[in-house]
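Given the structure is predicted, the values throughout are model-derived calculations rather than measurements.
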2 protein chains.
Amino acid sequence: MSEKTSGSTLIYEGQRIEECCLLLEGYACRNKIASNGGRQIVSFHIPGDILDLQHLLFDRADHNVQTISPAKLAFLPLTALRSLIDANPAIGRALWRDSLVDASIFREWVLNVGRRGAKERIAHMLCEFVARVESAGIASPTAFTLPMTQVEIADATGLTSVHVNRMLRSLSEEGAITRDGGKITITGWEQLKQTADFSPDYLHIAA
Amino acid sequence: MSEKTSGSTLIYEGQRIEECCLLLEGYACRNKIASNGGRQIVSFHIPGDILDLQHLLFDRADHNVQTISPAKLAFLPLTALRSLIDANPAIGRALWRDSLVDASIFREWVLNVGRRGAKERIAHMLCEFVARVESAGIASPTAFTLPMTQVEIADATGLTSVHVNRMLRSLSEEGAITRDGGKITITGWEQLKQTADFSPDYLHIAA
DNA sequence: CGCTGGCTTGAGTAAATTCAACACACGTGG
DNA sequence: CCACGTGTGTTGAATTTACTCAAGCCAGCG
């Protein structure tokens, strides 16, 4: 078990990997950097998530993994995990399914960044995050303050933080969210879902 | 085995799935539709690709699958595929790896659509496609005319077809590509890679 | 106390979209 | 056979969206 401060980089792109990170407490993200300097967050992670399952079958990381809050992590040696899976195929299937859910979320993100306007895009990202937090039993959508900064929201949605700020104000004026000292809470869940074009099917949550 | 015309929809979002599609000849894409009517292509597929591996573990499709050229397909019943994997774990691992490569490509697409300008974005998409075609042994990058239309390029890059047209002209003026009656060939591979910010690591091609 | 990181706001600019038209190839039906 | 519609590509002009640049605020912290 290991404690990390907010903003710690756990895995660098190109790094050779020997163990898998399990997020126990706190929040994290995966991101890639373009050569023009732009950072794109490709996923957020919540307690219980495995952050780099792909390293069971890839030996090098193709993206970075960073905490976005203070966090606690467990590191599982890949060799141990591999023999666990060999001995118990059901675990392998469950983990495979996990990585397929990951992929489904990436597809939705491509849609989100590619074909939705700025406000819808941000709203969708918020909806997805709280839907996952709720499904993990961590909190209810309406009683939860989101852990990410406006810069992180910008990097996740392919926008600038300035524009995110303006859109958040607009969402808050419409009553979908409430802001207090930079902390975002969702106070108009139905409305947020509607402006977001959010439907949770792609999360494949049902048992 | 089954033949399809260009533009056939093989799988609809929400559909219940009993078999897996293997693309034998021709090209296909996976896409999602936003409620504002926008279509986002989330991946292109080449001969040899399995188009919906995720249905081994999901019972409903979360996106559409369509041909973008005349195509030949084989359909594998999921039950048969599952018992094949149970009997032969190495096949399962190979397929799992396949789905992880898929996911890695989705991540790169999120970056592409989120953080690159229009021209780089298109160039990157073209680079990826020919890199995959080459790695599959179908053709060499420079001697291959791309199978997709400008509308499809637009839907894959999150742009409009009008803007794609202008950027293609610009790429062709720079000598990176050559166009002839709507057919695109890559005639400046090194230059295209450079404007694209393309590095093939994320394709995890190495054996 | 002075930094730093995060948030906010305004004004000007750049990028990509929208709207509108037209050209061309193709296939279909009269 | 030709007429017609459709899909694809092309181009220009006006518009919108989001970005850039710049400044300033506030809270937390060394």
Side-chain angles (χ1 to χ4, degrees), chain A residues 5-8 27 29 34 36-41 66-70 112-123 125 145-173 177-185 195, chain B residues 5-8 27 29 34 36-41 66-70 112-123 125 145-173 177-185 195:
Chain A
T5 59
S6 181
S8 306
Y27 299 93
C29 75
N36 60 23
R39 178 174 88 146
Q40 180 67 46
I41 291 178
Q66 287 183 307
T67 57
I68 61 167
S69 81
N112 199 40
V113 186
R115 283 289 182 239
R116 284 198 265 253
K119 187 154 70 172
E120 305 144 89
R121 221 185 277 188
I122 294 167
M125 192 232 86
T145 77
L146 292 147
M148 63 279 288
T149 66
Q150 291 184 8
V151 172
E152 286 155 355
I153 296 175
D155 286 347
T157 50
L159 301 164
T160 58
S161 63
V162 172
H163 202 54
V164 166
N165 183 283
R166 297 194 230 269
M167 294 300 106
L168 284 176
R169 179 150 58 96
S170 166
L171 283 172
S172 127
E173 279 165 2
I177 62 172
T178 304
R179 292 177 306 155
D180 174 42
K183 296 292 167 200
I184 299 170
T185 341
T195 61
Chain B
T5 59
S6 181
S8 307
Y27 299 93
C29 74
N36 60 24
R39 178 175 89 145
Q40 179 67 46
I41 292 177
Q66 286 184 307
T67 56
I68 61 167
S69 81
N112 199 40
V113 181
R115 283 290 182 237
R116 284 199 264 253
K119 188 154 68 173
E120 306 142 90
R121 218 184 281 187
I122 294 166
M125 193 231 87
T145 76
L146 291 148
M148 62 280 289
T149 66
Q150 293 184 6
V151 172
E152 285 155 355
I153 296 175
D155 285 348
T157 50
L159 300 164
T160 59
S161 63
V162 172
H163 203 53
V164 166
N165 183 283
R166 297 193 232 270
M167 295 298 107
L168 285 177
R169 179 148 59 97
S170 165
L171 283 171
S172 125
E173 279 164 2
I177 62 172
T178 304
R179 292 177 305 154
D180 174 43
K183 295 293 167 199
I184 299 169
T185 344
T195 62

**Q.** Derivation and outcome, side chain to side chain contact (heavy atoms under 4.5 Å, CB included), residues A/Leu168 and A/Ile122
**A.** CA-CA 8 Å; A/Leu168 284 176; A/Ile122 294 167; 4.0 Å; yes
Q. At under 4.0 Å between heavy atoms, what does B/Gly181 touch on the DNA or RNA strands: base, sugar-phosphate, or nothing?
A. nothing
Q. From B/Arg115 CZ over to A/Ile41 CD1, what is the distance, rounded to the nearest 0.5 angstrom?
A. 9.0 Å
Q) Can you tell me how far C1' of D/dT11 sits from CG of B/Leu168, to the nearest Å? A) 14 Å
Q.
As an exercise, state the distance from CZ of A/Arg179 to CG of A/Leu171, rounded to the nearest 0.5 Å.
A. 9.0 Å
(Q) How many whole angstroms separate atom CE of B/Met167 from atom P of D/dT11? (A) 12 Å
(Q) From the set C/dT8, D/dT10, D/dT11, return the single nucleotide nearest to any side-chain atom of B/Arg169. (A) D/dT11
(Q) Is A/Asn165 close enough to C/dC7 that one of its side-chain N or O atoms is under 4.0 Å from OP1 or OP2 there? (A) no
Q | Donor-acceptor pair, side chain of A/Thr5 and main chain of A/Pro70, under 3.5 angstrom | A | no
Q) Whole-Å distance between D/dG9 P and B/Asp155 CG? A) 12 Å
(Q) Here's a test of your reading of the structure: between B/Ala118 and A/Glu152, which maps to the more 5' nucleotide of DNA chain C? (A) A/Glu152
Q. Atom CG of B/Asp180 to atom P of D/dT8: distance rounded to whole Å?
A. 18 Å
Q.
What's the separation between atom CD1 in B/Ile153 and atom CG in B/Leu159, rounded to the nearest 0.5 Å?
A. 10.0 Å
Q: Give the rounded distance in Å between these two atoms: CD of A/Glu120 and C1' of D/dT17.
A: 12 Å
**Q.** Value rounded to 0.5 Å, distance of CE in A/Met125 from CG in A/Leu146
**A.** 6.5 Å
Q: List for me each residue that meets salt bridge (Lys or Arg N to Asp or Glu O under 4.0 Å) alongside A/Arg121, sequence neighbours excluded, and say none if there are none.
A: none
Q: Quickly work out the A/Ile122 CD1 to D/dA18 C1' distance and round it to whole Å.
A: 11 Å
Q | Distance in angstrom units between A/Lys119 NZ and D/dT17 C1', rounded | A | 13 Å
Q: Look at the side chain of A/Thr67 and the backbone N and O of A/Ser8, then say whether any donor-acceptor pair between them is shorter than 3.5 Å.
A: yes
Q: Check whether any side-chain heavy atom of A/Cys29 sits under 4.5 Å from a side-chain heavy atom of A/Glu152, and report yes or no.
A: no
Q: Report the distance from atom CD1 of B/Ile153 to atom P of D/dT8, rounded to the nearest whole Å.
A: 12 Å
Q: Rounding to 10 degrees, work out the angle separating the end axes of the helix from C/dC1-D/dG30 to C/dG30-D/dC1 (five pairs an end).
A: 30°
Protein and nucleotides 17-20 of chain C: nitrogen or oxygen contacts under 3.5 angstrom:
from   : atom 1 : to       : atom 2 : distance (Å)
C/dT17 : OP1    : B/Thr160 : N      : 3.2
C/dT17 : OP2    : B/Thr160 : N      : 3.2
C/dT17 : OP2    : B/Thr160 : OG1    : 2.9
C/dT18 : O4     : B/Arg166 : NH2    : 3.1

Q. C/dT8 phosphate, OP1 or OP2: any side-chain N/O from A/Gln150 under 4.0 angstrom?
A. yes
